[in-house]
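A note on names: the letters A, B, ... follow the listed sequences, proteins ahead of strands, and every chain is numbered from 1. The analysis underlying the following values was restricted to heavy atoms, covering all of them including side chains, and did not include hydrogens, waters or symmetry mates.
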Protein chains: 2
Amino acid sequence: MTGRDKNKYNTTTGPVTLADIAKLANVSPVTVSRAINTPTLVKPRTLEAIERVIAKTGYVPNLLAGGLASRKTRLIAAIVPSVASTIFAETIEGLNAELVSAGYQLLLGLSGYDLDRELELTRAILARRPDGIILTGITHMKETRAMLTGAGLPIVEIWDSTPSPLDTAVGFSHAAVGALVAQHLLIRGYDRYAQVGANDPRAVQRRDGFVNRLKGIAEVELPDLEMNSPSTFQDGREAMAQLLDRGEGSLGVFCSSDVVAHGALAEAHARGCKMPEDLAIIGFGDFDFAPYTHPPLTTVRIDRRDIGTKAARSILRKIDGTERVEAMINIDFHIVARGTA
Amino acid sequence: MTGRDKNKYNTTTGPVTLADIAKLANVSPVTVSRAINTPTLVKPRTLEAIERVIAKTGYVPNLLAGGLASRKTRLIAAIVPSVASTIFAETIEGLNAELVSAGYQLLLGLSGYDLDRELELTRAILARRPDGIILTGITHMKETRAMLTGAGLPIVEIWDSTPSPLDTAVGFSHAAVGALVAQHLLIRGYDRYAQVGANDPRAVQRRDGFVNRLKGIAEVELPDLEMNSPSTFQDGREAMAQLLDRGEGSLGVFCSSDVVAHGALAEAHARGCKMPEDLAIIGFGDFDFAPYTHPPLTTVRIDRRDIGTKAARSILRKIDGTERVEAMINIDFHIVARGTA
DNA sequence: GATTACAATGAAAGCGCTTCCATTTCTTCG
DNA sequence: CGAAGAAATGGAAGCGCTTTCATTGTAATC
């Protein structure tokens, strides 16, 4: 007895229910439900009376019950690797803004770049029966894919491109980004080329695109360093130190994110490298600080927020179901040339 | 008919249910429920059989139904102003990590520093019957407070301190931060003192603390600039330009965030100000880039992640209900003296 | 003024699970 | 070996809503 009494939170007697409102307003529960969900079907006088009762009692509908009955939760789940790295935070903001204005709620899952965790999250999320789900990347465990397709809900994969998405994808080709950066450096011409980056699937694709574009022209050097996503300022600094110690000649470096690039930049700056003549650094992401490094960072810009917005719109259109949604929605990217390349 | 058929997502016939599993495993639904939630109450042989069926069918329990029946959703909601500003992103990460490891899910709401939106979010969130809710700050509309206390669930307010929280608060005194910064600048001694900051309640408190500490010693100058939260690099830059144009003598400036400070710094740097002799700048937040500005930024450090962790733990302990949770949990802060003050 | 059409409301069933209480099955021990 | 207690299982009710279908009220039509 006392054991339970210690808990001061009222979990046993839920507050006002729809039935209570019905009784107080002298109508049936169905009418109250309609007053809330489809007010146009209710006579103005009745509606007003019901609304008065709702306001007076402070009634808050139970969406669990509603969702169970209607099989619609107005919940959209999104799984991203992290929210602390600026890169996904803005996507989330865009996503959320769009969803909220359509009357949906965002359920957030953070996978930490870990596919096993993504699987667990997917299971936990599906148990809440969201009306749609958004995943980061196109690399998933096969159990995840199976669970997802079996659930029969709209799926949007973001931040990558693929000819064969699970359902729809909103993103861009990371290989193409790598190639573009290589191209940009090639035009300027360097003695050596290097890539510094983390090991998540998208960073790896960017590296591959970079390496492929340079194939037959130059060998791409990679620092001997274990870099896990999300890569850090310190990673960049150490990598750059290695590269600089390792050889001679002018050097063009592609970093897997602006954070890493910033670290690389700091090391180069400390050693008095001349940029972009002796050393070029290109980052990825165009983070807030990029215009303000010394020298200002050249980087690849993607409209991160737009990915979120478009993903939300796709999901909503899929839920609506009246118009077809393309399998692949492409997002633009381009190089912002500043002081480092 | 066709109108509905266009929608390819299976929303009508939910997949496997607990009853299906029960039938396939030759047990009653109750036993399946126990196998999932309290497996120790089920005989190992039976358990194994049930688990086999679950694996084979890919059954995913419906937490809406479960939550409705048990009045426990294993859902914790958090409302923060934004997730794009680093400041709250890490709190979210800490929160999420702690919640996930306790088997809870995070439901995220973004208020955009808007109390009306906070109210709407609260309503929408409460409709999902979370087991607890976390809010940012201690300033809420009275309707929000009423709804919250009426809901009878554990509440944690974060990122601020107060003697009278709604339930429990995890944070620190922003006024004390302001006073500490003033103190730090006073010791070094400047001719003029200024504050540059946004208008959200916490930034205002920091300013007030700063102003009060300097009362009778110096007048605190404020740039004539409308700055809405979240304040930007550009805001800081303009504010600093104003301050520098406006008067003579050495100047000590307290900025409401590192982002603003960074902008102020850039302007000062461009004008060749000598720091920290002629100009001191102190930021707030100790963002990632703070050690790498030129000169490195002096700022106030708060363990942002820790706020999330502690908030999560408080909520969980409240839900558990066996141990009392303090009304106010204080978070440390201190000045990290680098190159700008 | 009777007929038809539509607007407004209600009754009953059920969404998929958990809870409470009852029943059955297995141990243990005098 | 039978009683008593514990372990394992099941039946029934119900969480708070929405859905479908039926009914009543009201207005439009000739």
Side-chain angles (χ1 to χ4, degrees), chain A residues 4 10-50 54 57-75 126-131 151, chain B residues 1 4 10-51 54 57-75 126-131 151:
Chain A
R4 177 145 295 166
N10 145 21
T11 48
T12 44
T13 63
V16 199
T17 72
L18 184 139
D20 299 334
I21 302 295
K23 218 162 286 171
L24 290 173
N26 275 318
V27 292
S28 80
V30 213
T31 305
V32 178
S33 174
R34 276 191 279 254
I36 293 168
N37 301 310
T38 49
T40 53
L41 297 185
V42 177
K43 182 155 55 167
R45 287 177 52 89
T46 321
L47 185 58
E48 201 182 309
I50 293 174
I54 290 181
T57 53
Y59 168 65
V60 178
N62 184 330
L63 253 43
L64 292 178
L68 180 58
S70 70
R71 295 154 168 292
K72 283 186 215 107
T73 52
R74 309 230 101 199
L75 199 61
L126 254 24
R128 304 206 185 263
R129 302 293 189 265
D131 291 341
Chain B
M1 300 229 145
R4 177 145 296 163
N10 143 22
T11 48
T12 44
T13 63
V16 200
T17 72
L18 184 139
D20 299 334
I21 302 295
K23 218 162 283 171
L24 290 173
N26 275 317
V27 293
S28 81
V30 212
T31 305
V32 178
S33 173
R34 276 191 279 255
I36 293 167
N37 301 310
T38 48
T40 52
L41 296 184
V42 177
K43 184 159 46 170
R45 288 176 51 90
T46 321
L47 186 58
E48 201 182 309
I50 293 175
E51 277 168 347
I54 289 182
T57 53
Y59 168 65
V60 178
N62 185 329
L63 253 43
L64 293 177
L68 180 60
S70 69
R71 296 154 168 292
K72 283 186 213 106
T73 52
R74 311 229 100 201
L75 199 60
L126 254 23
R128 305 207 184 262
R129 303 293 190 264
D131 291 342

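Not a single salt bridge (Lys or Arg N to Asp or Glu O under 4.0 Å) links B/Glu51 to another residue, sequence neighbours left out. B/Thr40 pairs by the side-chain contact (heavy atoms from CB on, under 4.5 Å) definition with nothing, not counting sequence neighbours.
At whole-Å resolution of the value, CZ in B/Arg129 and P in D/dG16 are 8 Å apart. Distance NZ (A/Lys72) to P (C/dC15): 16 Å, rounded to an integer number of Å. In this entry the distance linking CG of B/Leu68 with P of D/dA13 reads 18 Å, nearest Å. Straight-line distance from the CG atom of A/Leu126 to the P atom of C/dG16: 15 Å, rounded to whole Å. Across the protein-nucleic acid pair, B/Arg45 atom CZ and C/dC26 atom C1' stand 14 Å apart, rounded to whole Å. A straight line from CG of A/Asp20 to P of D/dG16 spans 9 Å, rounded to a whole angstrom. Taking atom CD on A/Glu48 and atom P on C/dA8, their separation rounds to 15 Å, with Å as the unit. Between B/Leu18 atom CG and C/dC15 atom P there is a gap of 13 Å when expressed in whole angstrom units.
From A/Arg34, atom CZ reaches atom CD1 of A/Ile50 across 9.5 Å, with rounding to the nearest 0.5 Å. To the nearest 0.5 Å, the span separating OG on A/Ser28 from CG on A/Leu18 amounts to 9.0 Å. Remark: B/Leu75 CG to B/Asp131 CG distance equals 7.0 Å, nearest 0.5 Å.
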A/Thr38 and A/Leu41: side chain to side chain contact (heavy atoms under 4.5 Å, CB included), yes or no, with the steps? CA-CA 6 Å; A/Thr38 49; A/Leu41 297 185; 3.7 Å; yes
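At a threshold of 4.5 Å between non-hydrogen side-chain atoms, the residues A/Ile54 and A/Ile36 count as touching. In this structure, the side chains of A/Asp20 and A/Thr57 stay at 4.5 Å or more apart for every pair of heavy atoms. By the 4.5 Å heavy-atom criterion applied to side chains, B/Arg74 and A/Arg128 are counted as neighbours.
Of the side-chain N and O atoms in B/Tyr59, one or more sit less than 4.0 angstrom from OP1 or OP2 of C/dC17. At the phosphate of D/dG16, OP1 or OP2 sits under 4.0 Å from a side-chain N or O atom of B/Arg71. In terms of phosphate contacts, B/Ser33 brings no side-chain nitrogen or oxygen within less than 4.0 Å of OP1 or OP2 of C/dC17.
Listed for the A/Arg71 side chain is no donor-acceptor partner under 3.5 Å among the backbone atoms of A/Leu68.
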Could you list all N or O pairs between the protein and nucleotides 8-11 of chain D that sit under 3.5 Å apart?
residue	atom	partner	partner atom	Å
D/dT9	OP1	B/Thr46	OG1	2.5
D/dT9	OP2	B/Lys43	N	3.1
D/dG10	OP2	B/Ser28	N	2.7
D/dG10	OP2	B/Ser28	OG	3.2
D/dG10	OP2	B/Thr31	OG1	2.6
D/dG10	N7	B/Arg34	NH2	2.8

May I have the list of side-chain donor-acceptor pairs in residues 58-67 of chain A shorter than 3.5 Å, sequence neighbours left out?
residue	atom	partner	partner atom	Å
A/Asn62	OD1	A/Leu64	N	2.8
A/Asn62	OD1	A/Ala65	N	3.2

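Fit an axis to the five pairs at each end of the helix from C/dG1-D/dC30 to C/dG30-D/dC1 and the two axes sit 30° apart, to the nearest 10 degrees.
For residues 60-67 of chain B, proximity to DNA chain C is found at B/Pro61, B/Asn62, B/Ala65, B/Gly66, defined as any non-hydrogen atom under 4.0 angstrom from a strand atom.
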